Amino acid sequence: MRRRAFVLCVPLLGLAWATGCTEPRDHAQAVYLLVDTSGTYAEEIGKAQLIVNYLLGSLQPGDSLAVARVRSRSFSEKDIIAKATFDNRPSQANAQKRVMKDRVEAFTSSARGSVNTDITGGLIQGAQFLNETGAGKKTILIFSDMQEELDRATVRDFPIDLKDIRVVAVNVVKLKTDNIDPRRYMGRLEVWQKRVQAAGAREWRVINDIEHLDALLKS
Amino acid sequence: MADSPFWVIWPGNAALSALVWFVIAMPFLYAARAPVHGVLLAVGQLAGGPLRLAARWLLASAHEMRERNRAVLLAQGREETGERIAREFERVAALVKRDLEGYPALQRKLLDEVTRVEEDYRQCGEVPPPPPEWVDAVTAIAKIKPNGNELIVRVLEEINRSVKAIHDKTLAEYRRAYESRHKILDGFMPFWRSLDKTLARADAKMTSLAERATAIDAQMEKYEQITRKTERAEHALAVSALTQFFVASLVLAVAAGGALVNFKLIALPMSEMVGAGDYLTASLRTSEVAALVIIFVEATMGLFLMETLRITHLFPRIHNLGEFMRRRMMWIAFVLLLALAGIEAALALMRDMLIADKQALLQSLAATQAAAPEGWLSRIPTAGQMLLGFILPFALAFVAIPLESFIHSARTVGGGAAVVLTRTLAVALRVIGNLIRQLARVLITLYDITIVLPLLVERWVKQSRAARKPRATGYEAGERP
């Protein structure tokens, strides 16, 4: 009798382990792309479209993607241009990707430059979005020159929480002043690295070649 | 100074220190010689004894396993040969039923044809009546010499004319008789041919029956050898099992390749059904598991189909089912297999559509122009995939046959391998046990070499004592000079 019960219990335990011990969202990936539209960087927005297209081609059903702009104050849902958690069915996911591509295309063709650049606000907004998705891998891509400029009323000098999130600065172009003194560029990236790591981020990286994104998303 | 080990007496001269320690230790080592020898011997026995015991037990187990394997092999062979003999008898019965069932009719036909031929032959034997008796009289008259008598000449001429007429008539009748006999003989030919064919047919049937009888004889010979448990029969069965094992393994490997192709065909479209983002374990997608389950279900249905068709005999319960229930089960398995094959064909189509959709999306994302459709050429892969999806489940159904061979032969091959492994292990344990015991002896010798100086002294003392002892004994015995 005991033996029979054991034989019955083994597959049930296996099933319980298989269904209960693995969270489906653990394998999902969520990406939040911040697109800087301020000042001269607005000229780079065409490349942002390429990155979005690349992400749409790489992300799998069940993954999440959001594209948001960085403006003078970016801690707002209104700054999210398009977002989606792709359906588990590949056909539906493809349809969602087409819609998202159209939305981002519409945005890039009509984007207007902002006066200031609130990258921190965008990061906080992105972290909220990513944590809500419950995905196993969370990534914030910052498409910006990483030069933050805030107006006097905007308060961003407080610790932020980016726990378990990878932060990747993409296409960090050099400013005119960086060309005069490259230490400014290095220093700017170093400050951001410290800030992001202090916020508990899993990783900080700078990728200027879009092709290197592939390895990042697969890792 | 402070870095020197504690045992160094003269810092900077470790060798001298070691020598001094050795000299100091030597008397103690000599004193402890007997107990150390005892300990080393005991350790050797302690380690070597159980290993020898284990080796002996393993050898006994190997022998027992071999006997059991032999019994199983012979039983399997007996059963298999028995089945073959039964099958041969079934074939013979079918032959007898098919060929010899019509034997009475064949015999009747043969008798009819023989009777007809005999009749014709008899008719051929009828010759025309011999010439009449008056031939002798005519001969006598013919001997009469003509003497010029006109009457006699006329009579003779008349007789001559009559005889000639009769001769011509008789000759014509004779020719007619031969002509009719030739006609009868011509009529023989079809009957002869028919007779020849009938006999050839009967001969072929008898030859086929004789061949079956020879096959039965061979199987019976094999069966007798197995029943007598001869070495030859055992060897033949073992070789046969090994061959079956490798052939079945090869076929199963090919089938596994087919199953892999099948899996690739349906894994992607299954994600459309159960979701692509769901995982059962850390690296196993639900869609992949679902595809695997479908393939396993197909293989199981194939197994049941083969079982109910009585091609394989893996499940005695199915084998013992009544005819009605067996047929019902066979149809259920076949219908399920057909349905699964249909589902697979649909999934293969869906896979193609999904890939095309993904391709279109990627092209739109890459801002490149979509390739122009290639007409009917582009549909060939789709049709091929669908066909493959439909065929593979049925092809997988036949895996049951090599699987049965594999399971049956694996018992023999696995049993043989286990015997070899057990024997090897036994030999290894025996060797290790002997090595440990010899090592203990080597250590004892090395110990004695270490304390060679005290041992030399001991020997010298003993020899000197021994040299003194006889003289003292002799003196005490009264051998005084």
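Just so we're clear, the structure is a prediction, and the values are computed from it rather than from any experiment. In the text below, chain A, chain B and the rest are named by the order of the sequence lines, each starting its count at 1.
With rounding to the nearest 0.5 Å, the separation of CD in A/Glu105 from OG in B/Ser364 is 8.5 Å. In this structure, CG in A/Leu56 is found 10.0 Å from CG in B/Leu362, a value given to the nearest 0.5 Å. The CZ atom of B/Arg285 sits 6.0 Å away from atom CD of A/Gln60, with the distance rounded to the nearest 0.5 Å. One finds the CG atom of A/Asp87 at 8.0 Å from the CD atom of B/Glu272 (value rounded to the nearest 0.5 Å). Annotation: the span from B/Met350 atom CE to A/Ser91 atom OG amounts to 8.0 Å, rounded to 0.5 Å.
Residue-environment remark: CG (A/Asn179) stays at or below the threshold of 12 foreign heavy atoms within 6.0 Å. For B/Arg310, the CZ atom is densely surrounded, since the number of other residues' heavy atoms within 6.0 Å is greater than 12. Counting heavy atoms of neighbouring residues, nucleotides and ligands inside a 6.0 Å radius, atom CZ of B/Phe398 does not exceed 12 of them. Within a 6.0 Å radius of CZ in B/Arg326, other residues, nucleotides and ligands contribute more than 12 heavy atoms. At most 12 heavy atoms of other shown residues, nucleotides or ligands fall within 6.0 angstrom of atom NE2 in B/His63.
Contact annotation: the side chain of A/Pro90 never approaches that of B/Lys358 to less than 4.5 Å [non-hydrogen atoms, C-beta and beyond].
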Worksheet entry | Verdict with reasoning, B/Asp357 to A/Arg98, per side-chain contact (heavy atoms from CB on, under 4.5 Å) | CA-CA 11 Å; B/Asp357 188 35; A/Arg98 284 192 179 93; 2.9 Å; yes
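Proximity of a side-chain donor or acceptor of A/Asn53 to a complementary backbone N or O of B/Leu365 within less than 3.5 Å is detected.
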